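Just so it is clear, the model here is predicted, and its values are computed rather than measured. Worth knowing before you read on, the calculation uses all heavy atoms, side chains too, and leaves out hydrogens, waters and symmetry mates.
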Amino acid sequence: MSKQAIRKKHAIHRLHDYRKSLSSRPFRSRGCSVVRCDYCRLAADFCTCASLPDTDSDASFVLLMYDDEVLKPSNTARLIADLVPDTHAFLWRRTEVDPALIALLQQPQWQPFVVFPGHYAEPERPVHELLPSLAKGKRPLFIMLDGSWREACKMFRKSPYLDGYPLLSFSPEQASGYQIRKAAHSNQLATAEVAARVLAAAGEPHNAQLMQLWFELFSYRYQQAVHQINQGREDALERLDEYINSTESL
């Protein structure tokens, strides 16, 4: 039985279905006529579900998604939910906050961190580049703002309920490998690329590498499906398989 046949819907799938239920008309975007896999959202001929690696993580993620971002097949936040079992997803609204999100953030087992560049923080707000020691019994809960860079900045400024949490911040040393959408600056990373750095900072280098390789496979297959000049890694699947096989033998 293929992994596609046994996959269960995760938080992004459920949020996708909920967001679609709110629409008065179908979401129309480039490639809207493509027959897509219900799980990876890639064109069915380029589905990656059979290559989904098994993972286990002590980390948890909250994906706060801007309006119709969850409907876009090019969105990479779903890759986080693919690999990190304890992932939660919510729609962001400027004028209202999902009570379930607030309840989650207030659960005593979590130490929330907002993942965002530190130079946007007020002077008194703690900013970390590595995960600090947590109190006994606490697990890290990484809050990621998912949208375009302009949208993410808006979410950061207009979400006062997140102001009391420290930031986890990164300074990318190389350009993003995300060629599907054009970023305003070359050092702006896709959400899944940031998640790989978050996992590394949290002391999970194996999961960080899996996230990066899973992202590379998604990027390559997506570009194959839209028949654009493919700037992804042609050997993405081989790299993922080789890494999985090498770590399974340890």
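Going from atom CG of L130 over to atom OG of S169 covers 11.0 Å, rounded to the nearest 0.5 Å. Note: S57 OG to L210 CG = 10.5 Å, rounded to the nearest 0.5 Å. How far SG of C37 is from CG of L42: 7.5 Å, rounded to the nearest 0.5 Å.
Ion pairing between a basic and an acidic side chain is recognised when a charged N comes within 4.0 Å of a carboxylate O; D58 and R139 show such pairing.
For K138, the NZ atom is densely surrounded, since the number of other residues' heavy atoms within 6.0 Å is greater than 12. A 6.0 Å sphere centred on CD of Q109 holds more than 12 heavy atoms belonging to other residues, nucleotides or ligands.
Centroid-to-centroid, the aromatic rings of F61 and W110 stay 6.0 Å apart or farther. With ring centers used as reference points, H16 lies 6.0 Å or more from H13.
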TODO: Would you check, one step at a time, whether the test side chain to side chain contact (heavy atoms under 4.5 Å, CB included) holds for R93 with D67?
DONE: CA-CA 8 Å; R93 294 283 187 265; D67 193 37; 3.8 Å; yes
List the atom pairs, with distances to 0.1 Å, where a side-chain N or O of residues 154-165 and a protein N or O form a donor-acceptor pair under 3.5 Å, not counting sequence neighbours.
{"from": "K154", "atom 1": "NZ", "to": "Y66", "atom 2": "OH", "distance (Å)": "3.4"}
{"from": "S159", "atom 1": "OG", "to": "W92", "atom 2": "NE1", "distance (Å)": "2.7"}
{"from": "S159", "atom 1": "OG", "to": "M155", "atom 2": "O", "distance (Å)": "2.6"}

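Qualifying side chain to side chain donor-acceptor pair (under 3.5 Å) partners for Y243, counting only residues two or more places apart in sequence or in other chains: H206.
Sorted by first then second residue, the side-chain hydrogen bond (donor to acceptor under 3.5 Å, both in side chains) pairs that include residues 113-137, not counting sequence neighbours, number zero.
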